[in-house]
A.B. asks: 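One structure, as structure tokens, below. Some questions next.
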Amino acid sequence: MTFSPPAVAAESPPELPGAIARLALIGGAVVTLLVPAIFLVIGYQSEVASLDAALQAGVHGNEQFRSRAAGAAAQLRAPQELAESLAWLGDKTNLRVTDADNRLLLERIRDPSPPLVTRRATLDQGGKSVAQLELSRSLQPLLGYALVFLAPGLLLGMLTFGALKDVPMRAFRLALQEIAVRKTTEEQLAKSLSIFSATLESTPDGIFVTDVFGRAVVANQRFVDLWNLPRAASSGVTDIETLAALADQLREPGAFLATQKDLTRHIDVDHGAVLELRDGRLFEWNSRPQYVDGNVVGRVSSFRDISERKRAEALLAAEKEVLEMVVCGTPLKEALGVLARHVEILSGRMFCAILFRESSTDSDLMCATGPSLPHAVAEGIVHHGRAALAHVFNDGSLAAYTGARGRV
């Protein structure tokens with residue numbers, strides 16, 4: 001049986017593509033805004049660090065000036081000198097100096113465009129005199145650069161949108177296809193198992209399958225019926241119970257169990273034998289290794305009731321032997337004795353006596369018996385049955401009498 005995957009995978013739910021598209025759009029938008037936002041944060045931190053460094057430089061310069069002017073009487077550093085010491089900041093930094101009462105002492109505005117980032121520091125002028133240094137810069141250039149970075153952010157956002165939309169849908173389609181393939185495989189497997197089960201049950205032989213360790217795997221109903229096992233034997237009885245039930249019905253259980261054990265050790269050996277049951281039936285037993293992909297995975301044993309066939313063959317052989325004796329001139333009593341012996345052997349529990357006269361004119365009644373009937377009993381049958389069987393010989397010269405053993 002060949003297997004071919006389905007040409008079309010199962011369709012996804014109609015609401016799923018829309019949900020995936022919305023999530024992909026959100027992800028793309030986040031990535032688009034994240035790129036300029038990262039640049040803006042880094043740029044802002046850089047501006048703040050630069051202003052903090054300038055403030056530290058201003059405070060440090062003021063302290064140095066106070067140290068040099070310690071001998072001078074209340075000499076203060078002029079705000080203009082402070083502004084000149086910070087001239088290295090360039091034309092993008094706004095500077096503002098106020099006194100302790102927040103009166104403006106100096107103001108130099110380079111770029112008043114909002115928004116501004118502002119940093120302040122206190123300057124100790126000696127005694128109770130303090131001043132406040134304020135530095136600020138406009139963030140408009142930084143915002144402009146952030147807008148420029150919006151273009152690569154948009155490109156990355158589009159790539160993210162495409163990836164988030166395509167990859168999950170592709171993965172989901174693959175999952176749906178795998179589910180469809182698995183479903184098809186399970187259906188074909190169930191069909192194959194159904195065909196196998198139907199084939200197993202339709203065979204006239206009793207089938208018993210074991211694994212490489214001799215453990216029971218499966219048995220058909222014919223096997224259960226053939227060995228008169230409990231109904232649950234095909235599904236629930238263990239291999240030990242099954243083999244014990246089989247051996248208990250055989251005339252030679254030890255030989256059967258020994259053979260079964262030997263076959264388990266030599267798993268790749270074929271075996272054939274005829275089993276004789278206690279009830280007189282004969283089973284033909286064939287055991288062969290079971291192969292899967294070239295490897296032995298167990299044994300398949302088949303049992304067939306050949307009792308009727310053997311009985312028919314024995315009858316045919318007996319008939320042939322008697323006819324040959326008659327044709328060869330063997331005395332009739334001897335030939336009929338052979339026939340009676342075969343009848344007893346085939347019946348198993350019966351004895352046979354054949355009463356006859358050699359000719360229609362002969363008045364003497366003769367008896368041919370099988371080996372199981374004592375001679376005295378045969379004489380009694382001839383003596384007491386002469387009158388009773390007289391009418392039988394009116395139209396012929398032969399009569400047969402059979403009975404169960406032990407009744408005479």
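Just so you know, these numbers use all the heavy atoms, side chains as well, and skip hydrogens, waters and symmetry mates.
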A.B. asks: Does the side chain of Leu139 reach to within under 4.5 Å of the side chain of Leu116, using non-hydrogen atoms?
C.D. replies: no
A.B. asks: What's the separation between atom CZ in Arg288 and atom OG in Ser301, rounded to the nearest 0.5 Å?
C.D. replies: 11.5 Å
A.B. asks: Go through Asp268 and Tyr291 one step at a time and tell me if the side chain to side chain contact (heavy atoms under 4.5 Å, CB included) criterion holds.
C.D. replies: CA-CA 9 Å; Asp268 56 345; Tyr291 290 92; 4.3 Å; yes
A.B. asks: What heavy-atom pair brings Arg222 and Pro204 nearest, and what distance separates the two atoms?
C.D. replies: NE-O, 3.1 Å
A.B. asks: Evaluate side chain to side chain contact (heavy atoms under 4.5 Å, CB included) for Lys320 paired with Leu316, printing each intermediate quantity in order.
C.D. replies: CA-CA 6 Å; Lys320 181 179 179 181; Leu316 185 61; 5.8 Å; no
A.B. asks: Quick one: CH2 on Trp227 to CG on Leu277, what's the gap to the nearest 0.5 Å?
C.D. replies: 5.0 Å
A.B. asks: Carefully, step by step, assess Ser50 and Arg137 under the rule side-chain hydrogen bond (donor to acceptor under 3.5 Å, both in side chains).
C.D. replies: CA-CA 10 Å; Ser50 176; Arg137 285 182 184 175; 3.2 Å; yes
A.B. asks: Does a salt bridge link Glu313 with Arg309, judged by any charged N lying under 4.0 Å from a carboxylate O?
C.D. replies: yes
A.B. asks: Compare all side-chain heavy atoms of Asp305 with those of Leu282 and state whether any distance is below 4.5 angstrom.
C.D. replies: no
A.B. asks: What's the spacing between Leu243 CG and Arg215 CZ if we round to 0.5 Å?
C.D. replies: 13.0 Å
A.B. asks: Going from CG on Leu95 to CG on Leu133, what distance comes out if it is rounded to the nearest 0.5 angstrom?
C.D. replies: 5.5 Å
A.B. asks: Could you go step by step and tell me if Asp205 and Thr203 meet the side-chain hydrogen bond (donor to acceptor under 3.5 Å, both in side chains) rule?
C.D. replies: CA-CA 5 Å; Asp205 297 342; Thr203 179; 4.5 Å; no
A.B. asks: Determine whether Asp279 and Arg281 make a side-chain contact, defined as any pair of heavy atoms from C-beta on separated by less than 4.5 Å.
C.D. replies: yes
A.B. asks: Under a 4.5 Å cut-off applied to non-hydrogen side-chain atoms, are Leu229 and Leu246 in contact?
C.D. replies: yes
A.B. asks: Side chains of Asp52 and Gln56: any donor to acceptor distance under 3.5 Å?
C.D. replies: no
A.B. asks: Please check: side-chain N/O of Asn220 versus main-chain N/O of Gly206, any donor-acceptor pairing under 3.5 Å?
C.D. replies: no
A.B. asks: Should the heavy atoms of other residues, nucleotides or ligands under 6.0 Å from CZ of Arg278 be counted, would the total exceed 12?
C.D. replies: yes
A.B. asks: Measure across Asp270 and Pro289 and return the closest heavy-atom pair with its distance rounded to 0.1 Å.
C.D. replies: OD1-CD, 2.9 Å
A.B. asks: Under 3.5 Å, side chain of Glu134 to main-chain N/O of Arg119, donor-acceptor pair present?
C.D. replies: no
A.B. asks: Is it the case that the side chain of Ser197 and the backbone of Leu193 share a donor-acceptor pair, with hydrogens and angles ignored and the cut-off at 3.5 Å?
C.D. replies: no
A.B. asks: Taking the ring centre of each residue, are Phe303 and Phe223 less than 6.0 Å apart?
C.D. replies: yes
A.B. asks: So, do Ile267 and Leu263 sit near enough that their side-chain heavy atoms are less than 4.5 Å apart?
C.D. replies: no
A.B. asks: Does any part of the side chain of Thr98, heavy atoms only, come nearer than 4.5 Å to the side chain of Leu105, both counted from C-beta?
C.D. replies: no
A.B. asks: Identify the heavy atoms of Ser136 and Thr118 that sit nearest to each other, and give their distance.
C.D. replies: CB-OG1, 3.5 Å
A.B. asks: Mind listing the closest non-hydrogen atom pair of Thr32 and Pro36 along with its distance?
C.D. replies: O-CD, 3.0 Å
A.B. asks: Can you tell me if Ser46 uses its side chain to pair, donor with acceptor, with the backbone of Ile42 under 3.5 Å?
C.D. replies: no
A.B. asks: Run the side-chain hydrogen bond (donor to acceptor under 3.5 Å, both in side chains) test on Thr210 and Arg299 for me, step by step, so that the C-alpha distance in whole Å, both residues' side-chain angles and the decisive distance to 0.1 Å come before the verdict.
C.D. replies: CA-CA 5 Å; Thr210 56; Arg299 300 195 70 86; 5.9 Å; no
A.B. asks: Using the side chain to side chain contact (heavy atoms under 4.5 Å, CB included) rule, take Arg341 and Val343 through it: C-alpha gap first, then chi angles, then the decisive distance, then the call.
C.D. replies: CA-CA 5 Å; Arg341 175 171 58 84; Val343 170; over 6 Å; no
A.B. asks: Carefully, step by step, assess Leu143 and Leu147 under the rule side chain to side chain contact (heavy atoms under 4.5 Å, CB included).
C.D. replies: CA-CA 6 Å; Leu143 293 176; Leu147 290 177; 5.7 Å; no
A.B. asks: For the pair Thr330 (side chain) and Met325 (backbone), establish whether a donor and an acceptor sit closer than 3.5 Å, ignoring hydrogens and angles.
C.D. replies: yes
A.B. asks: Can you measure from CG (Leu135) to CZ (Arg108) and round to the nearest 0.5 angstrom?
C.D. replies: 9.0 Å
A.B. asks: Check whether the side chains of His342 and Glu321 place a donor and an acceptor atom closer than 3.5 Å, and report yes or no.
C.D. replies: yes
A.B. asks: Got Asn286 and His271 here, is their nearest side-chain heavy-atom distance under 4.5 Å?
C.D. replies: no
A.B. asks: With sequence neighbours left out, what residues match Phe161 under ring pair (Phe, Tyr, Trp, His ring centres under 6.0 Å)?
C.D. replies: none
A.B. asks: Looking at Arg182 and Glu186, does any basic side-chain N land under 4.0 Å from a carboxylate oxygen?
C.D. replies: no
A.B. asks: To the nearest 0.5 Å, how far apart are CG in Leu275 and CD1 in Ile306?
C.D. replies: 9.0 Å
A.B. asks: Are Arg265 and Asp262 within salt-bridge range, i.e. N to O under 4.0 Å?
C.D. replies: yes
A.B. asks: Will you find, in the side chains of Arg110 and Ser138, an N or O donor that is under 3.5 Å from an N or O acceptor?
C.D. replies: no
A.B. asks: Does anything in residues 240-267 pair up under ring pair (Phe, Tyr, Trp, His ring centres under 6.0 Å), and if so which pairs, sequence neighbours excluded?
C.D. replies: Phe256-Trp285
A.B. asks: Check whether Ser194 reaches the backbone of Ala190 with its side chain - one donor and one acceptor, N or O, closer than 3.5 Å.
C.D. replies: no
A.B. asks: Which pair of heavy atoms, one from Val322 and one from Ala335, lies closest together, and at what distance?
C.D. replies: CG2-O, 3.9 Å
A.B. asks: Write down the atom of Val148, the atom of Pro152, and the distance for their closest heavy-atom approach.
C.D. replies: O-CD, 3.4 Å
A.B. asks: Side chains of Leu23 and Leu164: does their closest heavy-atom pair fall under 4.5 Å?
C.D. replies: no
